[in-house]
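Below is one structure, written out as structure tokens; the observations come after it.
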Amino acid sequence: MFFGRQTVDDGQRSMVHGLSSVERKEKKMAQIQEKYQDTYLYKIRHSAAHVMAQAVMEMFPDGKPTIGPPVENGFYYDFDLPRNLTPEDLEQIEKRMRQIVQGKHEFKKTVISAEEAKKIFADQPYKLELIEGLEKGGTDEYGQPLDGPPEISIYQQDTFTDLCRGPHVQTTKEIKQDAFKLMSIAGAYWRGDEKNKMLQRIYGTAWESKDQLKEYLHQLEEAKKRDHRKLGKELEIFIFDEEVGPGLPLWLPNGGILIEELEKLAKEMEEAAGYSRVRTPNITKEDLFIRSGHLPYYAESMYPPMELEGVKYYIKPMNCPMHHKIFGSKGRSYRELPVRLAEYGTCYRYEKSGELFGLMRVRSMQMNDAHIYCGEDQFEQEFMGVIALYHKYFELFGIDKYVMRLSLHAKQGLGKKYVDNERLWLKTEDMVRRAMINGDVPFVEVADEAAFYGPKIDVQIWSAIGREFSLATNQVDFAVPERFDLKFTNKEGADEIPLCIHRAPLSTHERMVGFLLEHYAGNFPVWLSPEQVRVISITDAQNEYAEKIAKQLRENGIRAHADLSSQRMNAKIRQAQLMKVPYMIVVGDNEMQAEQVSLRVRDGSQENNIPLGDFITRAKDKIVRRASEL
RNA sequence: GCCGACGUAGCUCAAUUGGCAGAGCACCCGCCUUGUAAGCGGGAGGUUACGAGUUCAAUUCUCGUCGUCGGCUCCA
């Protein structure tokens, strides 16, 4: 299991659906997520956060504590402190925490009134703000919305008192002094709002035993090995260059192959699913984005316009408006619906500098985009057709660690973040919800995550180091087609506005390749491997034979190179293994005389003296089937 | 964008309190001709990210710029 930090305390604003008859991983994940708050581990972590707060407040009596919840794998606490923390401070705090937990101090809960609470925390402005939230009943102590006014309680251990609803362990001694560790210092905005003051956050991890902690730290080390940024460099997939610019990846030849293979896959699948391919320009007049309504919502993350002869042009951050133009370029009958327009569109988004993250978050991207225009009666079938496509891809890649998230609007965002039409929001959200339930696809609902023009299903995945991303997306658009005056003639001969489904099952090339690198830890299946076969000669007496074999493989559509260097065979094999080449063909005098080859597979197994023709048949079969096995 | 840390050869990393910038791998040359994860020797490779400042002297200290990383915010 591997959750993003963000998802853990989402308990109140998310709901889980369609779990009854399905045995997928999401079910387990969702259940674990729901139950986390009832676990002993949760109490340990919550209590460790309080102990940490005590240690920090002893060090900085003038500091102001804010909130400190458990999160996945650990806990954090945010403070407003007179000076910035250093790594040395962290050591001190950790040392002091060990003393405190040894003290076997009891966690004592006291239920109090808002008035009493305000007295106790009179000199703690952040706590007062939380108490007011509790009093009004609008939000809990973490700022999450609540249904009614909750009971207000405090927890005390040793010298430290915190506003808290618990639960906690009995005494500090239950936090094993060798089973927790402070991990990092970070900045975090008060209440997660960038307009607020930036606080100092300390992240820690805590477990039931020393061994569990050790295991967790080991897992972190292992995860770093499959970080796509590290693998991307080692396997020569992509680079970033300072002079080219941040977030603008350069694809090396090996990366180019991955992209070509993904694109080939998408084209095959989309053709089979009845899509038509279109091509659209990378820049467009400002007018297009004014009409689409993107500009007010998106301007900040768009590259600034270039002005020529008094006309402003933007680099496109998305393809939809162009596809809308294609749909609207002629009269449409209900008979030709649904119209499915697909394009691997290249887009540019000016993500803030601090948001960039390897290939997972970039500024130039090639999107597996398509827009489906359909009537309302066709919606469910089309929407579920897209979900089916997702499942086909995920099965092919063996992706099972994901959550489908129904991203909804939030009432307070209407007219700001979201198109101001509550009726259509509720209607389309319900359409998606019903489609998912009818299709028996498990999903979670999360408020305030929709696109500005409609609800969507996002497929959430986690990078090797645990950061959460939307990989694929399937969105409903009930607003923009109207703005483009899109229509079709229905059976009754009247004009009707189509619904639009935006979808990107294979995400962007950037995020998909980043994800796949981590997913396979660089061990791509044969069809995706940039180099499928490396032919290794044992001495240079076989070089000519090796080259002949490589040529023959290439003529059969297999990506093969011969390693004719004068190194020892062992070194050549090592290099091929490090580059994670699935097949190594080894040829020495024996093979050359018998006109055969010896095969070493990436997993270490070997088969000696087989006819080349047999190997070619086998390799081609794996490639054509896009087999996951070697 | 915000808080913090970091930036040394193509890559991974060294360099005691400021005192001539090093190693392994990769690369080039030579030797070796080898049976399933590193054969041996030699050579070349650096304006220590960039720009200022302090100092007799700066990779080392200070400031700025750029970039990367851990988070926050935001997101395909």
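Reminder, nothing fancy here: chain letters follow the sequence lines and each chain counts from 1.
Taking only distance into account, the side chain of A:Gln575 never meets the base of B:rA26 through a donor-acceptor pair shorter than 3.5 Å. Interface remark: the A:Glu300 side chain does not form any donor-acceptor pair with the B:rG1 base, using a distance-only criterion of under 3.5 Å. A donor N or O paired with an acceptor N or O is not found under 3.5 Å between the base of B:rG1 and the side-chain atoms of A:Tyr350.
Residue A:Asn84 has no polar side-chain atom (N or O) positioned under 4.0 Å from OP1 or OP2 of B:rC3. Residue A:Arg201 places none of its side-chain N or O atoms closer than 4.0 Å to OP1 or OP2 of B:rG71. Regarding contacts with the backbone of B:rU36, every side-chain N or O of A:Asn570 stays at 4.0 angstrom or more from both OP1 and OP2. The phosphate of B:rA76 (OP1 or OP2) has a side-chain N or O of A:Lys456 nearer than 4.0 angstrom. Here A:Arg467 reaches the OP1 or OP2 of B:rG71: one of its side-chain N or O atoms lies under 4.0 Å away. For the pair A:Ser470 and B:rC75, the criterion of a side-chain N or O lying under 4.0 Å from OP1 or OP2 is not met. Distances shorter than 4.0 Å separate none of the side-chain N or O atoms of A:Arg568 from OP1 or OP2 on B:rA37.
For A:Tyr297 and A:Phe452, the distance between ring centers is under 6.0 angstrom.
Here the C1' atom of nucleotide B:rC11 and the CD1 atom of A:Ile239 are 13 Å apart, to the nearest Å.
In this structure, of B:rC69, B:rU73, B:rC66, it is B:rC69 that holds the atom nearest to the side chain of A:Arg229. Taking only side-chain atoms of A:Gln577, from C-beta outward, the nucleotide of B:rU73, B:rA37, B:rA76 with the closest atom is B:rA37. In the set B:rC75, B:rA37, B:rG71, the nucleotide with an atom closest to the side chain of A:Arg361 is B:rC75.
Checked by atom type, the side-chain pair A:Lys316/A:Thr346 shows no donor-acceptor distance below 3.5 Å.
Counting any heavy atom pair closer than 4.0 Å across all strands shown, A:Lys233 reaches sugar-phosphate atoms only and no base atom.
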